Amino acid sequence: MNHLRAVPDPDATGPRAGSATSVRVEAPGKVNLFLSVGAPRPDGYHPLTTVFQAVRLIETVTARRQALDARGRITLTLADPDDAVPTDERNLVVRAARLLAEATGVTEGVDLLLRKRVPVAGGMAGGSADAAAALLACNHLWGTGLGLGDLLDLAARLGADVPFPLMGATALGHGVGDRLTPLMGRGTYQWVFALAREGLSTPAVFARFDELSAASAGGAGAPAAPAEVPEALTAALRAGDAAALGDCLANDLQEAALDLRPELAEVIETAERAGALRAIVSGSGPTIAALAPDSATAQRVARALCASGACADVVRADAPVAGARVVG
Ligand code: C5P
């Protein structure tokens with residue numbers, strides 16, 4: 001493999017790059033404000049047009065320098081052990097650290113600690129945020145000094161949703177969701193997330209999307225190219241107009257997620273009846289994202305969702321927030 005050139009990062013913040021014994025990074029989960037999906041490519045991935053917004057559900061990865069005799073091992077510990085989150089090579093955090101080490105020629109290992117706040121397999125890119133945080137944390141710990149451009153390239157190799165949490169705020173995504181352009185916006189949005197008892201597999205939701213598209217288009221499937229983002233959505237973001245944004249929320253994967261989990265329709269109805277401007281499936285689901293016009297209404301929506309018993313848990317978060325950053 002060609003090694004990326006490791007240069008000191010003049011923008012490095014927090015602990016002095018390469019000299020700290022421990023680096024802590026926070027990275028946000030996301031909601032898709034708009035998600036249009038085209039027909040699958042030969043490699044099975046679907047072309048997307050999407051608008052990501054980073055929400056204040058924050059994953060934390062701490063990278064610790066190892067004793068010299070640790071022989072370059074990459075280890076992962078969960079702050080709150082969870083059977084649904086592996087700590088071996090299946091975890092994107094471990095794969096992110098290994099990819100950065102291989103790409104830069106680093107041979108030292110790292111001990112990684114992960115604290116999760118984004119629902120697991122919930123359609124909010126929690127695992128992708130973890131990978132983004134691990135890339136940034138190891139880049140600082142090892143002093144590899146890659147800039148944002150190189151980190152975004154490595155992130156895209158780990159998964160379609162991994163680049164966005166490095167960038168944060170609100171961004172347009174093309175390609176498979178990995179080619180990003182920041183979007184201008186103002187204001188803060190109040191979100192309420194209804195979490196399901198059990199996650200949904202992203203590939204399973206895309207597969208159901210393909211089946212439903214084939215059935216509804218008389219076998220033709222989804223259009224080859226995804227739709228473009230409506231001008232009304234970018235205008236709503238520029239104006240910071242939550243009501244107008246609510247009118248533009250759209251998710252092509254919603255029908256597939258509802259087909260796999262029909263009970264989610266009731267969660268959407270409950271949120272909208274309690275005052276949400278709109279409630280939609282977040283990404284590939286099963287989390288339902290409800291946009292509220294203000295904080296008091298968000299509180300009311302959260303209470304109604306809790307009382308309905310239709311979801312496992314309810315969390316509130318404002319958005320947009322910054323991308324992955326070194327803290328402490
Ligand atoms: O890239 P990532 O590993 O996050 O994607 C998980 C799965 O979701 C892929 O294996 C693929 O089945 C599906 N996917 C897709 N089209 C995309 C993104 C993801 O079909 N644009």
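We count ligands from 1, going down the list as the structure has it; atoms in each ligand are counted the same way. Note that these values count all heavy atoms, side chains included, but never hydrogens, waters or copies made by symmetry. Count residues from 1 along the sequence. Everything numeric here is computed off the predicted structure, so don't read it as measured data.
- Annotation: atom 5 (O) of ligand 1 to nearest protein heavy atom, Y45 OH, 3.6 Å.
- With F193 as the partner, the side-chain contact (heavy atoms from CB on, under 4.5 Å) test is satisfied by one option alone out of D313, I288, V118, T287: T287.
- Heavy atoms of G177 come nearer than 4.0 angstrom to ligand 1 in no pair at all.
- Atoms of ligand 1 lying under 4.0 Å from any heavy atom of V176, numbered from 1 in the order shown and given with element: 21 (N).
- Taking the six-membered ring where tryptophan is involved, the planes of H46 and F209 are perpendicular, since the angle between them exceeds 60° and thus also 30°.
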Please lay out, stage by stage, how R98 and E89 fare under the test salt bridge (charged side-chain N to carboxylate O under 4.0 Å, His left out). CA-CA 9 Å; R98 192 165 312 289; E89 293 288 334; 2.5 Å; yes

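- Here the CG atom belonging to D247 is positioned 8.0 Å from the CG atom belonging to L277, to the nearest 0.5 angstrom.
- With a heavy-atom cut-off of 4.0 Å, L48 touches ligand 1 through its side chain alone.
- Around atom 4 (O) of ligand 1, the closest heavy atom drawn from A160, G44, P47 belongs to A160.
- Heavy-atom contacts of H46 reach the following atoms of ligand 1: 15 (C), 16 (N), 17 (C), 20 (O), 21 (N) (cutoff under 4.0 Å).
- Shortest contact from atom 8 (O) of ligand 1 to any protein heavy atom: T202 CG2, 3.3 Å.
- Heavy atoms of F206 found under 4.0 angstrom from ligand 1 belong exclusively to the side chain.
- At under 3.5 Å, not a single nitrogen or oxygen of D161, backbone or side chain, sits near a nitrogen or oxygen of ligand 1.
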Salt bridge (charged side-chain N to carboxylate O under 4.0 Å, His left out), that's the test. Do R115 and E59 meet it? Break it down for me. CA-CA 6 Å; R115 195 193 74 176; E59 304 282 270; over 6 Å; no

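- Selection from P203, G159, S128 by nearest heavy atom to atom 12 (O) of ligand 1 gives P203.
- Linking ILVMFWY side-chain heavy atoms closer than 4.5 Å, directly or via other members, places V267 and L200 in two distinct hydrophobic clusters.
- In summary, R208 and E255 do not engage in a salt bridge, as defined by a charged side-chain N under 4.0 Å from a carboxylate O.
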